[in-house]
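The structure appears below as C-alpha cells.
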Amino acid sequence: MEETSREAVATAVQRVAGMLQRSDQLDKVEQYRRREARKKASVEARLKAAIQSQLDGVRTGLTQLHSALLDVKDIQSSLADVSKDWRQSINTIENLKDVKDAVVQHSQLASAVENLKNIFSVPEIVAETQQLIEHAELLQAHRKLIELECSRDDLMYEQYRMDSRNTSDMNLISIYFEDVQGLSDELAKQLWMVLQRAMVTVRRDPTMVVSVVRIIEREEKIDRRMVDRKKQTGFIPPGRPKWWKEKMFEVLEGTVSTRIESTQAVTREADKMWLVRLLEITRKYVLDDLIVVKNLMVQCFPPHYGTFNSVEMMGHPELHSECDINQLESLLPQDVVDDLLSKYVQTFTSNITGWLRKALETDKKDWQKETEPEADQDGYYQTTLPAIVFQMFEQNLQVAAQIDGDFKEQVLKLCLKQMNTFLIRYREEAVVYKEDHLRDRQLPQCYVQYMIAIINNCQTFKESINSLKRKYSQSSEATDSDAAIERTLNEVAKEGCQFLLDEVFLDLDNHLNELLTRKWLTGSHAVDTICVTVEDYFNDFKKIKKPFNQEMTSEALRRVVVEYIKAVMQKRITFKSAEERKEGAERMIKEANQFMFLFRKLAAGEDTDRLCGAITAIAEVFKLTDPTLLFLEVTTLVSKYPDIREEHIQALLAVRGDASREMRQMIIGTFSENKASYSGVTQPIFKDITVPTITMTTMTTMTSMATAKLLK
C-alpha cells in the first residue's frame with residue numbers, strides 16, 4: 001500500500017512538473033486545479049458506483065452461500081435418515097416370503113370369488129346352453145360356452161400356478177366342468193352341419209353362415225391367446241387349441257367333393273354316354289354353385305379369406321372379376337389431354353381473377369354497413385370473404401384431384417399465386433378504407449369493428465391456406481408463394497392494428513398535449529382520461545384474434561410511454577423550486593403506476609414494468625434533492641435504458657431547472673466518454689424520441705461557448 005502511495009505521489013509530481021515547465025503556465029494553475037478537481041469528482045463518483053455494485057454482489061453471494069450451506073445440512077440429515085431406514089428395512093425384506101405366499105393365495109381366492117357366480121350356476125348354464133344349441137341360436141350358445149370355459153380355465157390356471165403337481169385338485173375341477181367339453185363338441189357338430197348345407201342355407205338365411213364364421217373366428221383368437229400363454233407359463237386348458245378354422249376348411253372341401261360325387265347317377269354298364277352326361281351335370285352344378293358363391297357366399301366371409309380369388313373361373317362372364325381400369329389404355333392421346341388441361345388452366349386463371357375481384361368488392365360494401373360484422377363461435381369479428389375465397393379454391397381443387405396428382409399440385413400452386421396477388425389488393429383497399437375514414441371520422445359508423453374483422457381475416461386466411469396444403473399437396477416444402485403470402489398477411493394485420501391505434505391516439509391527442517405543463521402540475525385529469533379512453537377502445541379490441549391482439553396491446557403501451565416521455569423532452573415546463581420538482585416527480589410516479597395497472601389488466605406482456613419504469617426513472621432524476629448526486633442518478637437511468645442520448649440528458653436537466661452549468665458539463669462530458677453501445681437486446685424507448693430542434697440548438701451553442709471558454 002505504501003509503495004502504491006509513493007508511486008502515485010511520484011506520478012503526480014511528474015505530471016505537475018510537466019504542466020508547469022514554463023513561467024507563463026503558472027497563470028493557469030487555477031484552471032488546471034479546477035479541471036483536475038472535475039476529473040477527481042468524476043473518478044470518485046465512478047468508484048463509488050463500482051464499489052456499491054461490488055458490495056451488492058458480495059452481499060448477494062454471501063446470502064446464496066449461506067442458503068446453500070443450510071441446504072447441504074438438510075440434505076446430509078436426510079441422507080442419514082434414509083441410511084437408517086434402509087438398514088432397518090433389511091430384516092423386513094427377509095420376511096416378505098410369507099407375504100408373497102399370501103399374495104398367491106389371495107390371487108387364487110380372487111379368481112374363485114370372481115367366478116363364484118358361474119361356479120354355482122354351472123349346471124343351470126349348461127342346461128341353457130344345451131337348449132340354445134338345440135334351437136340353433138348359435139351365437140348365444142357360444143357366448144354361454146365361453147363363460148363356462150373361462151371360469152374353468154381361470155380356476156385351473158390359478159391351481160397350476162400354486163401347485164402344478166397337484167393333479168387331484170386339477171382333476172376335481174375337470175370333473176366339475178366335464179359337461180363343458182360335451183357342449184363344445186355339440187356346438188361344433190352344429191357348425192359343421194351348417195357348413196355342409198352352406199350352399200342351401202346361404203340362399204335362405206345367410207345370417208346363419210355369418211354366425212358360424214364369427215364363432216370360428218372367435219375361437220381362433222382364443223386358440224392363439226392360449227398358445228402364447230403356454231409359451232410363457234407352460235399351462236394350456238384342456239381341449240385347446242380347437243383348430244376349428246382348419247376343420248371348417250376340411251368340411252367345406254368335403255362338401256364340395258360330396259356334391260360332385262353325388263352327381264354320378266349312372267354307370268358305364270347302364271349307359272355308354274355316362275361320362276358325357278356326368279361331365280355336363282358336373283359343369284352345370286359347379287357353375288351354379290360358383291355363381292352362388294360369388295353373389296352370396298363371399299359376403300359371409302372376412303375379406304382376408306380370399307373366398308373368390310380363382311384365376312380363370314371357367315371363362316364364364318358371370319364369374320369374371322370387375323375390370324381394372326389401370327390396365328386400360330388412355331381414351332385420348334396425351335397431346336390432346338395436355339391441350340385440354342392447358343385450356344382449363346387458362347380459363348380457371350381468368351375466372352378466379354374475376355371471382356376474387358367480385359368477392360373483394362362485395363366485402364368492401366360490407367365495410368360501409370351501420371351494423372357490426374358477424375362474430376365466429378369464439379366471439380371474434382369476421383367477414384365472409386375468407387370462406388367465399390376458399391370455397392372457390394376447394395371446388396376447383398376437387399375437380400383437379402379427379403384428373404391426377406400432378407395436375408392437382410399445379411392448380412394448387414396457381415391458387416396460391418392468385419391468392420398472393422389478391423392479398424396485395426386487399427392490403428391496398430384496407431389503406432384506402434382508413435384514409436376515407438380520416439376525412440370524416442364519423443363515417444363509416446362501424447369503422448373500428450370492420451378494421452378488426454380485416455385483421456382477423458388474415459389469421460383465417462393463414463389457417464385456410466394451411467388446410468388446403470395439407471389436403472391437396474404431397475410436398476411439405478415451403479414455396480416462394482408461401483413466403484410472400486405470409487409476409488403480406490402479416491403486413492395487412494400489423495397495418496390494421498396500427499390504424500386502430502392511430503384512431504385511439506387521435507382521441508388522446510389533446511390530453512397528451514396537457515402532460516408536463518403548468519396545467520398538468522396544478523391538477524390536470526389528462527392521464528385519467530387517457531386510461532379510460534384506452535380501456536374503452538380495448539373492450540372492442542378484445543375481438544381481435546391472437547397473436548395480433550397481444551402485439552397490439554404491447555404496441556399501445558409503448559406508444560403511451562413514448563408520448564409521455566416526448567412531453568418531458570419538449571420542455572413544456574421548467575420546475576422553479578424543489579417543491580415543484582417533488583410534486584411533479586410524485587405525479588409522474590403516480591401516473592406511471594396508473595399506466596402499469598391498466599396495461600397489466602390488458603395483459604400487455606413482460607415489458608410492462610420496464611416501459612412504465614422509464615417514466616419512474618425520469619421522475620427520480622427530478623425528485624432528487626441534492627444536485628451533487630445528479631450524476632449518479634443519471635448514470636442509473638442510462639444503465640437501465642442504454643438507448644438514451646446526450647440531448648435527452650440535456651433536456652431532463654433543463655426541465656429540472658437547478659443544475660449548474662458546471663454540473664451539466666460534467667454530466668454530459670462523462671456521459672459522452674462512457675456511453676456504452678446500444679446492443680438492441682431490449683426494445684428501445686428513447687431511440688425514436690427526438691428533442692425539438694430549438695432546444696438542441698440552444699444547448700449545443702451553450703456547450704460550445706463553455707468549451708471555448710475553457711480552452712482559452
Sequence neighbours excluded, which residues qualify as salt bridge (Lys or Arg N to Asp or Glu O under 4.0 Å) partners of Lys408?
none
Residues in side chain to side chain donor-acceptor pair (under 3.5 Å) contact with Glu246, at least two apart in sequence or another chain:
none
Looking at Gln550, I'd like to know if its CD atom is crowded, meaning that more than 12 non-hydrogen atoms belonging to other residues, nucleotides or ligands lie closer than 6.0 Å.
yes
With Ser83 via side chain to side chain donor-acceptor pair (under 3.5 Å) - residues at least two apart:
Arg87
When every non-hydrogen atom of Ile215 is compared with those of His142, the smallest separation belongs to CG2-CD2, 3.5 Å
Hey, are Glu551 and Lys546 close enough for a salt bridge, meaning a charged N less than 4.0 Å from a carboxylate O?
no
Contacts of Glu463 meeting salt bridge (Lys or Arg N to Asp or Glu O under 4.0 Å) (sequence neighbours excluded), chain-then-number -> none
Using a 3.5 Å distance criterion without hydrogens, assess whether the side chain of Asn549 forms a donor-acceptor pair with backbone atoms of Ile544.
yes
The criterion is salt bridge (Lys or Arg N to Asp or Glu O under 4.0 Å); which residues satisfy it with Lys231, sequence neighbours excluded?
none
In terms of ring plane angle, is the pair Phe235 and Tyr157 parallel, tilted or perpendicular, where the classes change at 30° and 60°?
tilted
For the salt bridge (Lys or Arg N to Asp or Glu O under 4.0 Å) test, which of Arg240, Lys245, Lys247 pairs with Glu219?
Arg240
Which residue pairs pass the side-chain hydrogen bond (donor to acceptor under 3.5 Å, both in side chains) test when at least one of the two sits in residues 182-198, sequence neighbours left out?
Gln181-Asp185, Ser184-Lys242
Residue among Val212, Val202, Asp205 satisfying side-chain contact (heavy atoms from CB on, under 4.5 Å) with Val194
Val212
Paired with Gln382, the side-chain contact (heavy atoms from CB on, under 4.5 Å) test is passed by just one of Asn457, Ile455, Ile454, Ile452, namely Asn457
Least distance between heavy atoms, Asp223 atom then Trp243 atom
OD2-N, 3.1 Å
Is any NZ, NE, NH1 or NH2 atom of the basic residue among Glu409 and Lys413 found under 4.0 Å from an Asp or Glu carboxylate oxygen of the other?
no
